[in-house]
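Owing to the predicted nature of the structure, the values given are computational and were not obtained by experimental measurement. Index from 1, following the sequence.
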Amino acid sequence: MLVFTFYVTCIFSGMIEVGAVLWGIGASYSIEGALGLAIAYQIGNILLFFLNKKLRRMQGLFATIACLFAAGIIFLDSPLYRYVCAFACFALLSTIIQTLRSAVKSKEPRWRKRCFRVTGFLISAVMYNYGAYALAVISVMTLILTLLCPKYEDGCWLTKLIRGQYGKNCICWAMTVHQMHYFVYCYSMLLISLFVYDSPFAASFWFVANWIPYILTEPLVKLTKTKSWLHFLIGGHILVAVLLIGMYITVEQYSLVAMILWALTGFGGGNVFCIKKSLLKYKEYHDQVWVFSENVGHFLGVIIALAAYHFTKSLSPVLLLGALFAITTIGLIGGTIITAKKDAAIEA
């Protein structure tokens, strides 16, 4: 039951993450509105770190409220009220699903977990036309799983941080900026592919195409049997920056080329594990700090994407921002290593 719940929630997570954006456009909201729903999903992931044990034990109540919001999307006529219900529903479901996943966390291989999440990305295409009903089904099933599964009993992340249980390093900015480089452009490319092909299925296909190299990168790197993690990290981020610049140049007139380049960026983004391995002997971060740093990057990336579109009225400039953040990640890694070496030399 626990393994089943973990994989089902992985699928749900993928469905509502990508489906939030697709539903926004399918329901005739603006591009800003669709990106706003992506922010709602990321807010849900951030909220997880600020829930104490008491609130986590109330997740059955929160799941019930999510069901009510899902019903509101179906039955309310006002576009504004429907949007408010959708925003709240995506945020609540995101938090509840991540809490469920934490409670039943499986020891299955990482690639298998990612495959189930990617399955959710692929299925998310149905959210474009049937998002309200899909959300209702996901909400009810999430409520049922919440009632059947154990509660996540770990203490509040913020409380532990204040108590010093995570040490002095409360965030890894290199990891945060790495995640920003991806999330600043991923939903914009999803929207571009939706508009180019006029099909949510094509959009979800290209989104998944980007994730296939992402999943393959880690096992391929480990097949080399080398531990030059820093070299892979630098090479991967330079590759991503070059590909993103190429996407910016080709996206308007040669969209297929841009889509292929988008898929290839997965090879650069997939070396995210090299960040932790590169910094391991220079700076120590608690596992929860790594996770929090990732989620902050997700949130900031989408916020910046929304702001960029708001001021430029174009989706393509975020590709250059993605390239900038990829190169900045290299700089942050290098700065962290140089500082750690200087501190070690002073202590010696």
Side-chain angles (χ1 to χ4, degrees), residues 14 17-18 21-22 25 31 34-35 38 111 114-115 117-118 121-122 124-125 177-221 224 231-275 297-298 300-302 304-306 308-309 312-331:
E17 178 180 353
V18 175
V21 178
L22 295 177
I25 298 299
I31 288 175
L35 291 174
W111 66 266
R114 287 175 174 172
C115 285
R117 190 151 181 261
V118 166
F121 293 154
L122 199 58
S124 69
V177 175
H178 168 84
Q179 297 298 336
M180 287 170 62
H181 107 265
Y182 174 73
F183 280 88
V184 78
Y185 76 87
C186 66
Y187 300 128
S188 294
M189 283 304 299
L190 176 73
L191 289 170
I192 289 171
S193 59
L194 175 64
F195 299 144
V196 167
Y197 296 100
D198 194 25
S199 167
F201 295 96
S204 62
F205 167 80
W206 283 110
F207 196 92
V208 168
N210 169 254
W211 267 73
I212 293 173
Y214 181 91
I215 293 172
L216 292 175
T217 298
E218 185 171 354
L220 287 176
V221 168
T224 64
H231 294 154
F232 282 119
L233 184 144
I234 293 171
H237 283 77
I238 291 174
L239 172 65
V240 166
V242 171
L243 290 172
L244 285 168
I245 293 171
M247 288 162 63
Y248 177 77
I249 295 170
T250 59
V251 71
E252 292 188 5
Q253 294 185 339
Y254 306 99
S255 57
L256 179 59
V257 174
M259 296 300 156
I260 294 171
L261 295 179
W262 179 24
L264 293 175
T265 60
F267 285 116
N271 66 35
V272 59
F273 71 98
C274 293
I275 296 177
H298 300 174
L300 292 178
V302 188
I304 293 171
L306 177 58
Y309 178 80
T312 66
K313 298 305 177 185
S314 173
L315 289 167
S316 56
V318 297
L319 299 172
L320 296 180
L321 289 175
L324 175 64
F325 291 145
I327 297 301
T328 303
T329 302
I330 298 174

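In this structure, the separation between OH on Y185 and CE on M180 is 14.0 Å, given to the nearest 0.5 Å. One distance of note links CG of L239 with CG of L244; it measures 9.0 Å at 0.5 Å rounding. How far OG1 of T329 is from NE2 of H181: 7.0 Å, rounded to the nearest 0.5 Å. Here the CZ-CG distance, from R114 to L216, works out to 10.5 Å after rounding to the nearest 0.5 Å.
For T224 (side chain) and L220 (main-chain N/O), no donor-acceptor pair under 3.5 Å exists by modelled atom type.
Side chains of S316 and S314: a donor on one and an acceptor on the other come within 3.5 Å.
The shortest non-hydrogen separation linking F121 to G14 is CD2-O, 3.4 Å. Nearest heavy atom pair, residue H237 against residue L233, reads ND1-O, 2.8 Å. When all heavy atoms of I234 and I330 are compared, the pair lying nearest together is O-CD1, 3.7 Å. Across all non-hydrogen atoms, the minimal contact from A326 to V240 is CB-CG1, 4.2 Å. Nearest approach of V21 to A38, heavy atoms of both residues: CG2-CB, 3.8 Å. Here the closest non-hydrogen pair linking A125 and F201 is CB-CD2, 3.4 Å.
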Derivation and outcome, side-chain contact (heavy atoms from CB on, under 4.5 Å), residues I249 and I245: CA-CA 6 Å; I249 295 170; I245 293 171; 4.1 Å; yes
side-chain contact (heavy atoms from CB on, under 4.5 Å) between L256 and Y197, intermediate numbers included: CA-CA 10 Å; L256 179 59; Y197 296 100; 3.9 Å; yes
Derivation of the side-chain contact (heavy atoms from CB on, under 4.5 Å) call for M189 and V318: CA-CA 9 Å; M189 283 304 299; V318 297; over 6 Å; no
Residue pair V196, V251: steps toward the side-chain contact (heavy atoms from CB on, under 4.5 Å) verdict: CA-CA 10 Å; V196 167; V251 71; over 6 Å; no
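The side-chain hydrogen bond (donor to acceptor under 3.5 Å, both in side chains) check on E17 picks up R117, Y187, with sequence neighbours excluded.
Within the 4.5 Å cutoff, side-chain heavy atoms of S193 are placed close to those of W262. Under the 4.5 Å side-chain criterion, counting only non-hydrogen atoms from C-beta, I31 is in contact with F195. Looking at heavy atoms from C-beta onward, M259 lies in side-chain contact with I192 at the 4.5 angstrom threshold. V272 has its side chain within reach of Q179: a pair of non-hydrogen atoms, C-beta onward, lies under 4.5 Å apart. Side-chain contact check for F267 versus L243: every heavy-atom pair is 4.5 Å or farther apart.
Judged as a side chain to side chain donor-acceptor pair (under 3.5 Å), the pairs with a partner in residues 206-219 (not counting sequence neighbours) are, in order, R110-E218, Y182-W211, N210-T265, E218-K222.
Heavy atoms of other residues, nucleotides or ligands lying less than 6.0 angstrom from OH of Y254 number 12 at most.
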